[in-house]
Visitor: 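Here you go, one structure.
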Amino acid sequence: MEQTKERTIQEWNETRRAGEHEAETAATRVPLRILVIAPSHDILGGQSVHASQLVKEFSKEPSLRVGFLPINPRAPGFLRHLQRVKYVRTIVTSVIYLIKLLRNIPRYDVIHVSSAAHTGFMVATMPPVFIGKLFGKRVVLNYHAGQAEEHLRDWRRTAIPTIRRADATVVSSGWLVDVFARHGLKAHAIFNHVELDNFHFRERIPLRPAFLSNRNFAPIYNVPCMLRAFALIQKRFADASLVVAGDGAQRAELEQLARDLKLRNIRFTGLVAPEKMPELCESADIYLNASNVDNMPLSILEAFAAGLLVVTTNAGGIPYVVTHEKTGLLVEMNDHEAMAAAAIRLLEDEELAAGLARSARAECVKYKWEVVRGRWLDFYREVAGKGESSG
């Protein structure tokens with residue numbers, strides 16, 4: 001009888017273990033459903049590019065099922081005309097956005113919210129965070145803004161409670177981790193990734209005075225400073241050329257400034273789609289960036305990947321990406337003379353330029369998808385696992 005009891009217990013344990021194994025196997029077969037909420041390419045910029053890259057790569061993962069919901073949805077039918085009317089556009093878009101959030105969030109396990117700062121945070125980030133928690137979903141806040149310090153300081157009554165409401169916060173740089181920590185907030189750093197295969201690396205020998213800028217025309221990116229620097233460069237190198245990619249409210253002002261400075265060989269391209277950037281990088285030798293507010297500019301990483309030399313201000317998180325005299329040259333903000341001098345230094349020191357380009361390309365390894373992928377998958381498993389354990 002004792003043997004029968006032991007055999008029964010053994011059979012029960014084997015059955016239980018088999019059931020647990022089957023449950024674990026089934027769990028691995030059920031994809032984790034992730035909804036990425038971010039700007040579409042109708043708002044071309046770092047957030048939209050990063051979100052589209054994530055959706056594309058996550059869609060290849062058998063363990064994930066990924067959806068995308070734009071913060072700037074296009075209205076259907078006749079309502080599309082209303083989105084062309086100032087002020088009315090904001091109301092119509094916000095209503096459609098809320099309806100789509102309420103319809104889509106219940107269908108997913110993890111809500112991945114791409115976040116900017118200030119008004120964009122209020123309008124686009126807060127609704128999905130609170131609606132996600134209302135439906136009992138795990139919410140990941142993916143914060144990108146270079147204005148983080150000012151945002152968390154000046155909007156602390158809305159920003160900090162919302163960030164704490166999310167289950168986890170991901171940022172793209174160590175700099176933002178430090179900024180969040182100063183405000184008592186925890187953030188995980190997962191770098192932006194660069195699709196290196198899209199960019200052909202070549203050494204610029206000899207280095208030509210062929211310059212590229214690729215930032216939106218907003219005051220925080222200080223494109224006028226870059227133009228003034230180029231004016232000084234062109235006095236030293238008469239054949240210097242400059243391609244200015246981007247668009248925004250300052251376009252007419254910047255074009256007028258170029259005329260006032262009597263710049264030659266300059267071309268304003270307007271917005272450039274992400275898939276066209278490798279071609280644009282191939283045509284230049286030096287990348288100029290004069291921003292006053294920044295986090296982790298994808299344009300700098302793309303320049304690294306293509307072999308462009310980088311001269312940039314030391315705004316925000318840029319020194320976490322560019323190491324002075326190792327992977328690029330850093331100058332102080334609002335100093336067009338220093339930017340021009342740095343660019344001229346590269347043109348006159350071929351050995352320095354070649355060394356910077358090679359080191360910058362090597363730096364790109366940590367931004368490859370093969371490296372970043374594992375961090376995202378582990379992070380999502382951890383976030384989803386916490387949700388399961390909390391019941």
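Both backbone and side-chain heavy atoms feed into the values below; hydrogens, waters and symmetry mates do not. This chain uses plain numbering: 1 for the first residue, then up along the sequence.
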Visitor: Are Asp294 and Arg215 close enough for a salt bridge, meaning some N to O gap below 4.0 Å?
Guide: yes
Visitor: Going by atom types alone, do Ser213 and Tyr287 pair a side-chain donor with an acceptor below 3.5 Å?
Guide: no
Visitor: So which atom in Ala315 and which in Val293 form the shortest heavy-atom distance, rounded to 0.1 Å?
Guide: CB-N, 4.0 Å
Visitor: Would you say the side-chain atoms of Arg345 pair up with the backbone N or O of Ala353, donor to acceptor, closer than 3.5 Å?
Guide: no
Visitor: Please state whether the rings of His118 and Trp155 are parallel, tilted or perpendicular, taking 30° and 60° as the class boundaries.
Guide: tilted
Visitor: For Arg157, does the CZ atom sit with more than 12 other heavy atoms under 6.0 Å from it, leaving out its own atoms?
Guide: no
Visitor: Side chains of Leu309 and Leu207, heavy atoms from C-beta outward: is any pair under 4.5 Å?
Guide: yes
Visitor: Do the side-chain N and O atoms of Ser114 and Gln47 include a donor-acceptor pair separated by under 3.5 angstrom?
Guide: yes
Visitor: I'd like to know whether Ser241 forms a side chain to side chain donor-acceptor pair (under 3.5 Å) with Asn265, so could you lay out the CA-CA distance, the side-chain angles of the two residues, the decisive distance to 0.1 Å, and finally the verdict.
Guide: CA-CA 5 Å; Ser241 63; Asn265 304 326; over 6 Å; no
Visitor: Is a salt bridge present between Arg381 and Asp378, judged by a nitrogen-to-oxygen distance below 4.0 Å?
Guide: yes
Visitor: Working to the nearest 0.5 angstrom, can you tell me the gap between Glu350 CD and Ile205 CD1?
Guide: 5.5 Å
Visitor: Hey, does the side chain of Gln147 reach the backbone of Ala117 with a donor-acceptor pair shorter than 3.5 angstrom?
Guide: no
Visitor: Which pair of non-hydrogen atoms, one from Ala245 and one from Thr269, has the smallest distance, and what is that distance?
Guide: CA-OG1, 3.2 Å
Visitor: Checking side-chain polar atoms at under 3.5 Å, does Asn292 have a donor or acceptor matched by the opposite partner on Asn334?
Guide: yes
Visitor: Is the terminal nitrogen or CZ of Arg361 (NZ for Lys, CZ for Arg) located under 6.0 angstrom from the six-membered ring centre of Phe199 and within 45° of that ring's axis?
Guide: no
Visitor: Examine distances only and state if a side-chain atom of Ser52 and a backbone atom of Val49 form a donor-acceptor pair shorter than 3.5 Å.
Guide: yes
Visitor: Sub-3.5 Å donor-acceptor pair from the side chain of Gln234 to the main-chain atoms of Arg264, do we have one?
Guide: yes
Visitor: Is any side-chain heavy atom of Asn142 closer than 4.5 Å to one of His112?
Guide: yes
Visitor: Any carboxylate oxygen within less than 4.0 angstrom of a Lys/Arg side-chain nitrogen, looking at Glu363 and Lys366?
Guide: yes
Visitor: Please examine the side chains of Val372 and Tyr367, heavy atoms only from C-beta on, and report whether any two atoms are closer than 4.5 Å.
Guide: no
Visitor: Does Glu382 come within less than 4.0 Å of Arg138, counting only side-chain N to carboxylate O?
Guide: no
Visitor: Run the salt-bridge test on Lys60 and Glu57 with the 4.0 Å N-O cut-off and return the result as yes or no.
Guide: yes
Visitor: Rounded to the nearest 0.5 Å, what separates atom CD1 in Ile111 from atom CD1 in Ile34?
Guide: 9.5 Å
Visitor: Stepwise, does the ring pair (Phe, Tyr, Trp, His ring centres under 6.0 Å) test hold for Phe201 with Phe304?
Guide: CA-CA 8 Å; Phe201 176 83; Phe304 281 180; over 10 Å; no
Visitor: Step by step, work out the side-chain contact (heavy atoms from CB on, under 4.5 Å) result for Leu308 and Arg204.
Guide: CA-CA 8 Å; Leu308 274 75; Arg204 269 69 174 175; 3.2 Å; yes
Visitor: Taking the side chain as everything from C-beta on, heavy atoms only, tell me whether Leu32 gets closer than 4.5 Å to Val110.
Guide: yes
Visitor: Calculate, to the nearest 0.5 Å, the distance between atoms CG and NZ belonging to Asp109 and Lys137 respectively.
Guide: 6.0 Å
Visitor: Strictly by modelled atom types, are Asn295 and Ser172 linked by a side-chain donor-acceptor pair under 3.5 Å?
Guide: yes
Visitor: Output yes when a side-chain donor or acceptor of His324 lies under 3.5 Å from a complementary backbone atom of Leu330, and no otherwise.
Guide: yes
Visitor: Decide salt bridge (Lys or Arg N to Asp or Glu O under 4.0 Å) for Asp260 and Arg228; before the verdict, give the C-alpha distance in whole Å, the side-chain angles of both, and the deciding distance to 0.1 Å.
Guide: CA-CA 10 Å; Asp260 293 343; Arg228 293 187 176 95; over 6 Å; no
Visitor: Working to the nearest 0.5 Å, report the span between CZ of Phe180 and CD1 of Ile160.
Guide: 9.0 Å
Visitor: Mark yes or no for whether Asn72, through its side chain, and Ser40, through its backbone, hold a donor-acceptor pair below 3.5 Å.
Guide: yes
Visitor: If you apply the rule side-chain contact (heavy atoms from CB on, under 4.5 Å), what do you find for Thr313 with Met339, and how did you get there?
Guide: CA-CA 8 Å; Thr313 54; Met339 175 163 283; 4.3 Å; yes
Visitor: Can you tell me if Tyr320 and Asp178 form a side-chain donor-acceptor pair at under 3.5 Å?
Guide: yes
Visitor: Is there a side-chain contact between Leu298 and Val194 in this structure, where contact means two heavy atoms from C-beta onward sitting under 4.5 Å apart?
Guide: yes
Visitor: Considering non-hydrogen atoms only, spot the tightest contact between Leu254 and Phe268 and give its length.
Guide: O-CZ, 3.9 Å
Visitor: Check the pair Val331 / Thr312 against side-chain contact (heavy atoms from CB on, under 4.5 Å), numbers first and verdict last.
Guide: CA-CA 6 Å; Val331 300; Thr312 177; over 6 Å; no
Visitor: Give the ring-plane orientation class for His144 versus His50, where under 30° counts as parallel, over 60° as perpendicular and anything between as tilted.
Guide: perpendicular
Visitor: Indicate whether any N or O donor in one side chain lies under 3.5 Å from an N or O acceptor in the other, for His183 and Glu149.
Guide: yes
Visitor: What closest approach, in Å, do Val223 and Asn216 show between heavy atoms, and which atom pair accounts for it?
Guide: CG2-O, 4.1 Å
Visitor: Can you tell me if CD on Glu203 sees more than 12 non-hydrogen neighbours from other groups inside 6.0 Å?
Guide: yes
Visitor: With a 4.5 Å heavy-atom cut-off, do Arg164 and Leu185 have their side chains touching?
Guide: yes
Visitor: Looking at Arg65 and Arg33, would you say the former's side chain and the latter's main chain have a donor-acceptor pair under 3.5 Å?
Guide: no
Visitor: Do Tyr97 and Val123 come close enough that some side-chain heavy atom pair is under 4.5 Å?
Guide: no
Visitor: Is the CD atom of Gln256 crowded by more than 12 outside heavy atoms at less than 6.0 Å?
Guide: yes
Visitor: Once rounded to the nearest 0.5 Å, what's the spacing between atom NZ of Lys235 and atom CG of Leu261?
Guide: 9.0 Å
Visitor: side-chain contact (heavy atoms from CB on, under 4.5 Å) between Ile233 and Phe211: does it pass, once the steps are laid out?
Guide: CA-CA 10 Å; Ile233 294 167; Phe211 294 87; 3.7 Å; yes
Visitor: Using only atom types and a distance under 3.5 Å, with no angle test, would you say the side chain of Thr323 pairs donor to acceptor with the backbone of Lys326?
Guide: no
Visitor: Got a sec: does the CG of Asp239 have more than 12 other heavy atoms crowding it under 6.0 Å?
Guide: yes
Visitor: Of all the heavy-atom pairs spanning Asp285 and Pro206, show the shortest one and how long it is.
Guide: OD2-O, 4.0 Å
Visitor: Are the side chain of Lys276 and the backbone of Leu280 linked by a donor-acceptor contact shorter than 3.5 Å?
Guide: no
Visitor: Is any NZ, NE, NH1 or NH2 atom of the basic residue among Lys133 and Asp167 found under 4.0 Å from an Asp or Glu carboxylate oxygen of the other?
Guide: yes
Visitor: Heavy atoms, side chains only, cut-off 4.5 Å: are Glu351 and Asp349 in contact?
Guide: yes
Visitor: Indicate yes or no: does Glu195 engage Lys56 in a salt bridge with an N to O separation below 4.0 Å.
Guide: yes
Visitor: Can you tell me how far the CG atom of Leu347 sits from the CZ atom of Phe237, to the nearest 0.5 Å?
Guide: 4.5 Å
Visitor: Does the pair Arg236 and Glu348 meet the rule for a salt bridge (Lys or Arg N to Asp or Glu O under 4.0 Å), with working shown?
Guide: CA-CA 11 Å; Arg236 174 69 178 78; Glu348 294 180 340; 2.6 Å; yes
